[in-house]
Amino acid sequence: GLDINLAGCANLMSLPPGMRVKGSLHLNGCRTLTALPEGLKVNGHLFLDGCSGLTRMPSDIEVGGNLYLRRCPGLGPLPTGYMGGGRVFS
């Protein structure tokens with residue numbers, strides 16, 4: 001499909017700015033990822049469960065499906081005006 005699965009990539013530090021994903025983006029358990037790139041657009045679901053190093057979401061993030069943020073203790077509130085196409089699970 002059009003999904004990108006990087007779940008469990010223990011050494012993943014960053015993703016490219018302006019990244020576009022036509023399907024879903026799986027980043028579950030990427031503990032060294034501290035921030036998502038500006039301009040990230042995911043047409044499907046965005047899975048961030050267990051991204052314990054994540055501290056920031058870009059203000060212009062777009063997610064067409066659900067946003068999964070369970071076990072992300074360092075992450076504050078979602079950006080003002082966040083418009084996701086689905087539900088947020090935190």
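Position 1 is the first residue of the sequence, and the numbers go up from there.
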Checklist outcome for this item: Rounded to the nearest 0.5 angstrom, the OG1-CG distance for Thr34 and Leu75 is 11.5 Å
Checklist entry - How far does CG of Leu36 sit from OG1 of Thr55, to the nearest 0.5 angstrom? => result 9.5 Å
Checklist entry - How many angstroms lie between atom CZ of Arg71 and atom CG of Asp49, to the nearest 0.5 angstrom? => result 5.0 Å
Checklist entry - What's the verdict on side chain to side chain contact (heavy atoms under 4.5 Å, CB included) for Leu46 and Leu69, showing C-alpha distance, side-chain angles and the deciding distance? => result CA-CA 9 Å; Leu46 178 54; Leu69 294 169; over 6 Å; no
Checklist entry - Can you tell if the side chain of Leu78 reaches within under 4.5 Å of the side chain of Val88, non-hydrogen atoms only? => result yes
Checklist entry - Shortest non-hydrogen contact from Pro37 to Pro58? => result O-CG, 3.2 Å
Checklist entry - Do the non-hydrogen side-chain atoms of Tyr82 and Ile61 ever get within less than 4.5 Å of each other? => result yes
Item to check | Heavy-atom pair of closest approach, residues Leu2 and Val21 | outcome: O-CG1, 4.0 Å
Next on the checklist: Quick check: do Leu25 and Leu40 have side-chain heavy atoms less than 4.5 Å from each other?
Outcome noted: yes
Checklist entry - Side chain of His45, backbone of Asn66: donor and acceptor closer than 3.5 Å? => result yes
Checklist entry - Are Asn28 and Leu48 side-chain neighbours, meaning at least one heavy-atom pair lies under 4.5 Å? => result no
Next on the checklist: Measuring from atom CG of Leu12 to atom SG of Cys51, what distance do you get when rounded to the nearest 0.5 angstrom?
Outcome noted: 8.5 Å
Checklist entry - Does a side-chain heavy-atom distance below 4.5 Å link Met57 with Pro77? => result no
Checklist entry - Side-chain contact, heavy-atom cut-off 4.5 Å: His26 with Ser24? => result yes
Checklist entry - Does some side-chain heavy atom of Lys41 sit less than 4.5 Å from a side-chain heavy atom of Asn43? => result yes
Item to check | Separation of Leu6 CG from Ile4 CD1 (nearest 0.5 Å) | outcome: 6.5 Å
Next on the checklist: Does Val42 form a side chain to side chain contact (heavy atoms under 4.5 Å, CB included) with Glu62? I'd like the steps, not just the answer.
Outcome noted: CA-CA 6 Å; Val42 179; Glu62 292 181 34; over 6 Å; no
Item to check | CG-SG distance between Leu54 and Cys72, expressed to the nearest 0.5 angstrom | outcome: 6.0 Å
Checklist outcome for this item: All heavy atoms of Gly39 vs all of Arg20, minimum pair found to be O-NH1, 2.6 Å
